[in-house]
Structure formats: structure tokens, C-alpha cells
Number of protein chains: 2
Amino acid sequence: MDITLAVLAGRWTPLVFREFLRRDRATYSELSAALPALSDKVLSDRLAQLTGADVLDRHRVPGWPPHVRYTLTEQGRPWNRCCTAWGEWGTARWQESR
Amino acid sequence: MDITLAVLAGRWTPLVFREFLRRDRATYSELSAALPALSDKVLSDRLAQLTGADVLDRHRVPGWPPHVRYTLTEQGRPWNRCCTAWGEWGTARWQESR
DNA sequence: CTGTATCCTGAACGATACTG
DNA sequence: CAGTATCGTTCAGGATACAG
């Protein structure tokens with residue numbers, strides 16, 4: 001669990017990571033559009049962090065304009081189980097509070 | 001999931017919460033001893049945060065010296081499912097990295 | 001014993017401008 | 001398009017002293 005916490009450290013990390021639940025690949029601009037609250041710098045930081053932790057893969061598509069595709073790695077994919085657990089818990093709390 | 005994130009916001013929140021996986025009740029001093037990295041203030045802050053989110057219950061035991069017992073609420077108990085998901089993911093990553 | 005009050009510091013965040 | 005560089009700011013976190 002400490003390992004998981006280390007990977008997910010930082011304010012927006014889980015939200016960035018969550019974007020890969022629906023789409024299994026995403027470009028920088030897609031993520032930027034999906035997470036308007038994040039400045040360029042923070043998004044870059046988070047992507048570098050997650051890439052460095054081997055949960056995301058970064059692949060430059062040759063050509064112009066430049067294009068970068070981010071995908072979940074084999075290690076990153078089981079993360080969705082954590083996400084669903086989080087979601088279920090939050091949902092239960094939300095229903096009780098209505 | 002956003003709800004869950006809001007509840008768990010803050011650097012040490014998940015670790016404090018995790019302490020209630022083994023023990024279902026704990027006193028302030030027990031938590032303080034189990035989490036030596038946390039200063040008094042941060043531990044207080046986290047306990048107040050979790051109490052305010054209705055995932056922990058705070059109960060003052062009458063008498064002297066004062067004694068406070070924290071327990072998981074009904075809402076807080078399903079949190080262990082999130083914890084185990086986190087733990088499994090971290091464990092898998094750890095095993096692969098050996 | 002279980003906190004709260006106060007102050008201080010550093011890291012993270014955010015905005016802007018700029019580069020490959 | 002996809003970032004990096006720089007800088008200013010804010011805010012969570014830590015230490016200490018004190019209170020109920």
C-alpha cells in the first residue's frame with residue numbers, strides 16, 4: 001500500500017490516471033481538454049511521474065505536428081481495480097447522504 | 001471517485017485511515033505511536049477531517065486521565081475494500097520489480 | 001492524555017512565456 | 001502539438017508551547 005501511495009502522490013495524480021479507465025490511450029491534448037483544471041506544467045509533471053513509475057507508456061508518433069500517445073503499461077492496467085473500489089465507496093457514501 | 005478523493009485528501013490521510021484495518025478502535029496515543037512520522041497537529045487534523053467526513057467516530061471515555069476512542073463508522077468500514085485493492089496493486093508491482 | 005494555538009518553512013502549485 | 005523554463009504565490013506540513 002505504501003508503494004501505491006508513492007505512485008499516486010500528488011494532488012491530481014489519481015485524476016490523470018483515471019482518464020485511462022475509459023480510453024486506453026490518450027494524447028496530451030486530450031488529457032489537457034479532459035482536465036481543464038490542470039496547468040500544462042502540472043500535467044507534464046504528472047505524466048512524467050506516471051511514466052517514470054512504469055504505469056504509463058509514452059510513445060512519440062513520427063511526423064508533424066508532433067504527436068504523443070500515452071498508454072497504460074502492463075503494470076498500470078490493474079489500477080482500474082483500485083479505481084472501481086474507490087468509485088463504489090464514494091457512490092455508496094453519496095447515496096447515503098441524499 | 002471524486003467523493004473518495006475529497007475524503008482522503010491530504011498527505012497522511014490514507015495512512016491514518018489504514019490503521020483501522022487491523023484495530024477497529026484506537027486511541028490517540030496508539031495512533032501516534034503507530035505513525036511516528038506525524039506531528040501532533042497533523043494527526044489531530046487528520047482525525048478531525050475523517051471524523052467530519054463521518055468515516056470515523058470519536059468517543060470520549062469519562063475519567064482521568066482523559067481517553068478518546070476512535071472507531072470506524074458504518075460508512076467508513078467498507079473502506080477496507082479500497083485498502084485491499086491498493087495493497088494488491090502495490091504488492092504486484094513490488095513482486096515484479098524484484 | 002488529548003489535543004489546540006501560533007508561527008515558520010519548503011514544496012507544490014499556477015501562470016506566463018518560450019522552445020523543439 | 002507537446003512540452004520546458006522561470007518565477008511568484010499559496011498552503012499543507014512541522015516544531016514548539018500551551019490548554020482542557
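Quantities reported herein were computed from a predicted structural model and do not represent experimental measurements. Below, chains carry the letters A, B, ... as their sequence lines are ordered, and counting in each starts from 1. Heavy atoms only: backbone and side chains are in, while hydrogens, waters and symmetry mates are out.
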Visitor: Is a donor on one side and an acceptor on the other found under 3.5 Å between the side chain of B:Arg93 and the backbone of A:Ala53?
Guide: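 At least one qualifying donor-acceptor pair exists.
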Visitor: To the nearest angstrom, how far is A:Tyr70 atom OH from D:dC1 atom C1'?
Guide: 11 Å
Visitor: Can you tell me how far C1' of C:dC7 sits from CG of B:Asp45, to the nearest Å?
Guide: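 My rounded result for the distance is 15 Å.
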Visitor: Rounded to whole Å, how long is the line connecting atom CG of A:Leu43 with atom P of D:dA2?
Guide: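 That distance rounds to 10 Å.
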Visitor: Could you tell me how far apart B:Gln49 (CD) and C:dG3 (P) are, to the nearest whole angstrom?
Guide: 15 Å
Visitor: Please tabulate, one pair per line, all N/O donor-acceptor pairs under 3.5 Å involving side-chain atoms of residues 12-22 of chain A, not counting sequence neighbours.
Guide:
unit_1  : atom_1 : unit_2  : atom_2 : d
A:Thr13 : OG1    : A:Ala9  : O      : 2.6
A:Thr13 : OG1    : A:Gly10 : O      : 3.3
A:Thr13 : OG1    : A:Arg46 : NE     : 3.3
A:Arg18 : NH1    : B:Asp2  : OD1    : 3.3
A:Arg18 : NH2    : B:Asp2  : OD1    : 3.4
A:Glu19 : OE1    : A:Arg23 : NH2    : 3.0

Visitor: Do B:Trp89 side-chain atoms and A:Gln75 backbone N/O form a donor-acceptor pair below 3.5 Å?
Guide: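 Judged by distance alone, yes, a pair lies under 3.5 Å.
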Visitor: Between C:dA15, C:dG3, C:dA5, which nucleotide has the shortest distance from any of its atoms to the side chain of B:Asp40?
Guide: C:dG3
Visitor: Looking only at side-chain atoms of B:His67, point me to the closest of C:dC1, C:dG3, D:dC1.
Guide: C:dC1
Visitor: Short of 4.0 Å, heavy atom to strand atom, which residues of residues 2-37 of chain B count as contacting DNA chain C?
Guide: B:Thr27, B:Tyr28, B:Ser29
Visitor: Is the phosphate of D:dC1, meaning OP1 or OP2, less than 4.0 Å from a side-chain N or O of A:Arg60?
Guide: no
Visitor: Between the main-chain N or O of B:Trp86 and the side-chain N or O of A:Thr4, is there a donor-acceptor pair closer than 3.5 Å?
Guide: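 Side chain of A:Thr4 to backbone of B:Trp86: a pair is present.
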Visitor: Do the side chains of B:His67 and B:Thr27 get nearer than 4.5 Å, heavy atoms only?
Guide: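 Contact flag for B:Thr27/B:His67 side chains = yes.
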Visitor: Mind checking side-chain contact (heavy atoms from CB on, under 4.5 Å) for A:Ser44 and listing every partner two or more places apart, or none if nothing turns up?
Guide: A:Tyr28
Visitor: Could you check which of C:dG3, D:dA5, C:dC1 has an atom nearest any side-chain atom of B:Pro66?
Guide: C:dC1
